[in-house]
Number of protein chains: 2
Amino acid sequence: MSLRHALLGLLSEGPASGYDLLKLFDESLANVWPATQSQLYGELGRLADAGLIVVLSEGARGRKEYAVTDTGRAELRHWLLEVKPVPVRRYDMLLRVFFFGQISEDDAIAYLGEQRQEAAEEADRLAELNETIAPYADNFAVYGRLALEWGLRSSRMYQEWAEWAINEVKAHDRTANPDSCKPD
Amino acid sequence: MSLRHALLGLLSEGPASGYDLLKLFDESLANVWPATQSQLYGELGRLADAGLIVVLSEGARGRKEYAVTDTGRAELRHWLLEVKPVPVRRYDMLLRVFFFGQISEDDAIAYLGEQRQEAAEEADRLAELNETIAPYADNFAVYGRLALEWGLRSSRMYQEWAEWAINEVKAHDRTANPDSCKPD
DNA sequence: TTTCGACATGTCACTGATGGAACGTCAGAG
DNA sequence: CTCTGACGTTCCATCAGTGACATGTCGAAA
């Protein structure tokens, strides 16, 4: 149900059409809650049916401009203040780690190395993005910054974990095969 | 498609029934890839149709014991080595952060405080769990430990971020309302 | 004048996940 | 002997998300 509230949130900054919202999603929320066009238009319809938003005006090319109603604003507040965020539960990447026993230590290390690399690149990308944001723009940018910082810290943590894990696997390798002596 | 490979992974440690697998899921993979019973049995059927697993034997109470085939093992290896893990993309919690402009600074701080608290508890829980695992058991436990460490680092990062974010919001509050002077 | 890219919405088939109902079996405790 | 709890499977409705397709408008440039 989060898409619903994402739309209410965006609309509560001002009226917009489905098309506008789609762009807003891609610009700002893409990294925390991506949405496709079909989902978005569908949800807008349902939101309107439920009376949480209304069509303000219809413009050229069938453009419909939506605005939040009081009910919608109340629903958004309720979600923000009283609904517990659902934690992330699925990690494709960690799932693979459980099955490292099925591949060689070298392959496992290579896998972790790639993850390390990608996390590092992501961290760089976000750090750069962080530079480009005006220091104190609108609320949206101010709070978006918090999310960005989360991404940054998350990538760095990921990177450090991968480094640590590589050493763990190497240590395990040595324990399992004490005879072999590979160069580091 | 990850459930598929999770099942192949579990089965490659030895034959098991759907019921066994469900328990294994709950014990070991629940934190990285939860699955419900209905999904699991359905997937087992499809896996068998595709020839990636076979029914080894049928026991009492309609119990079917499955085992991986060579094709299945190959598929697992392929997934482990060549398929890029899909990164996590949706964060209900961060989505809310974007809409902090809709609530008061105090409410935002309270929200972040709760997150901080929960992350701390999760970190404690995982640290404790880490103690209970035998230092060098089977492969599965050794590599599960890597995942556990990820969770630990992740929770700690989350906690620290929330602390940092609370201060950010306070700073923003003071910038926006320089007259007011609240106790810390 | 045609054509192209941006604007704009709607719909469909498919997949993965959730949650629950329904059904039946077997061993052991009381 | 009966009941209970663990064992064990199957099916179903529903929902969110994905990706593709269909349809059409409008302004500007070639």
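Proteins come first, then strands; the chains are lettered A, B, ... in the order of their sequence lines, and each starts at number 1.
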(message) Taking the nucleotide of DNA chain C with the nearest heavy atom to each, does S38(A) or R63(A) sit closer to the 5' end?
(response) R63(A)
(request) Using the six-membered ring wherever Trp is involved, compare the ring planes of F100(B) and Y111(B) and label them parallel, tilted or perpendicular (cut-offs 30° and 60°). (result) perpendicular
(message) In this structure, how many angstroms lie between the C1' atom of dC7(D) and the CG atom of D20(B), rounded?
(response) 10 Å
(request) Check the pair K84(B) / D92(A) against salt bridge (Lys or Arg N to Asp or Glu O under 4.0 Å), numbers first and verdict last. (result) CA-CA 9 Å; K84(B) 280 218 174 184; D92(A) 194 2; over 6 Å; no
(message) Please report the distance, rounded to the nearest Å, between CE in M1(A) and C1' in dA16(D).
(response) 11 Å
(message) Just the rounded figure in Å: distance from P of dA6(D) to CG of D26(B).
(response) 14 Å
(request) Pick base, sugar-phosphate or nothing for R4(B), based on heavy-atom distances below 4.0 Å to the nucleic acid. (result) nothing
(message) Closest approach to the side chain of R61(B), judged atom by atom: which nucleotide of dA8(C), dA17(C), dA6(D) is it?
(response) dA6(D)
(request) Starting from P on dG17(D), measure out to CG on L44(A) and report it in whole angstrom. (result) 14 Å
(request) Check whether any side-chain nitrogen or oxygen of Y19(A) sits under 4.0 Å from OP1 or OP2 of dC7(C), and answer yes or no. (result) yes
(message) Does a side-chain N or O of R89(A) approach OP1 or OP2 of dA17(C) to a distance below 4.0 Å, or not?
(response) no
(request) Would you mind telling me which of dT18(C), dA21(C), dA20(D) lies closest to the side-chain atoms of Q37(A)? (result) dA20(D)
(request) Would you tell me if any nitrogen or oxygen in the side chain of K64(B) comes within less than 4.0 Å of OP1 or OP2 on dT10(D)? (result) yes
(request) Report yes if at least one side-chain N or O of Q39(B) is closer than 4.0 Å to OP1 or OP2 of dG16(C); otherwise report no. (result) no
(request) Report yes or no: is the cationic atom of R96(B) (NZ for Lys, CZ for Arg) closer than 6.0 Å to the six-membered ring centre of W79(A), at no more than 45° off its axis? (result) yes
(request) Just compare dG17(D), dA17(C), dA8(C) and give me whichever is closest to any side-chain atom of L3(B). (result) dA17(C)
(message) So that I can tick it off, tell me whether E43(A) and R46(A) are bridged by a salt bridge, with the cut-off set at under 4.0 angstrom between side-chain N and carboxylate O.
(response) yes
(request) Can you tell me the distance, in whole Å, between the OH atom of Y41(A) and the P atom of dA22(D)? (result) 18 Å
(message) Nearest heavy atom decides the nucleotide; on that basis, is A60(A) or G42(A) closer to the 5' end of DNA chain C?
(response) A60(A)
(message) Could you tell me how far apart D49(B) (CG) and dT10(D) (P) are, to the nearest whole angstrom?
(response) 11 Å
(request) Find out whether R153(A) and E149(A) are in side-chain contact, i.e. whether some heavy atom of one side chain is under 4.5 Å from a heavy atom of the other. (result) yes
(message) With nearest nucleotide decided by heavy atoms, which residue, A35(A) or G18(B), maps closer to the 5′ end of DNA chain D?
(response) G18(B)
(request) Find the distance R46(B):CZ to dC11(D):C1' and express it as a whole number of Å. (result) 13 Å
(request) Kindly point out which of dG20(C), dG10(C), dG17(D) is positioned nearest to the side chain of W33(A)? (result) dG17(D)
(message) If I take atom CG in residue L95(B) and atom P in nucleotide dA16(D), what distance separates them, rounded to the nearest angstrom?
(response) 15 Å
(request) Go through dC7(C), dT11(C), dC7(D) for me and flag the one nearest to the K23(B) side chain. (result) dC7(D)
(message) I'd like to know if E75(B) and R77(B) make a salt bridge, using a cut-off of under 4.0 Å between side-chain N and carboxylate O.
(response) no
(message) By the 4.0 Å heavy-atom rule, please label S17(A) as base, sugar-phosphate, or nothing.
(response) sugar-phosphate
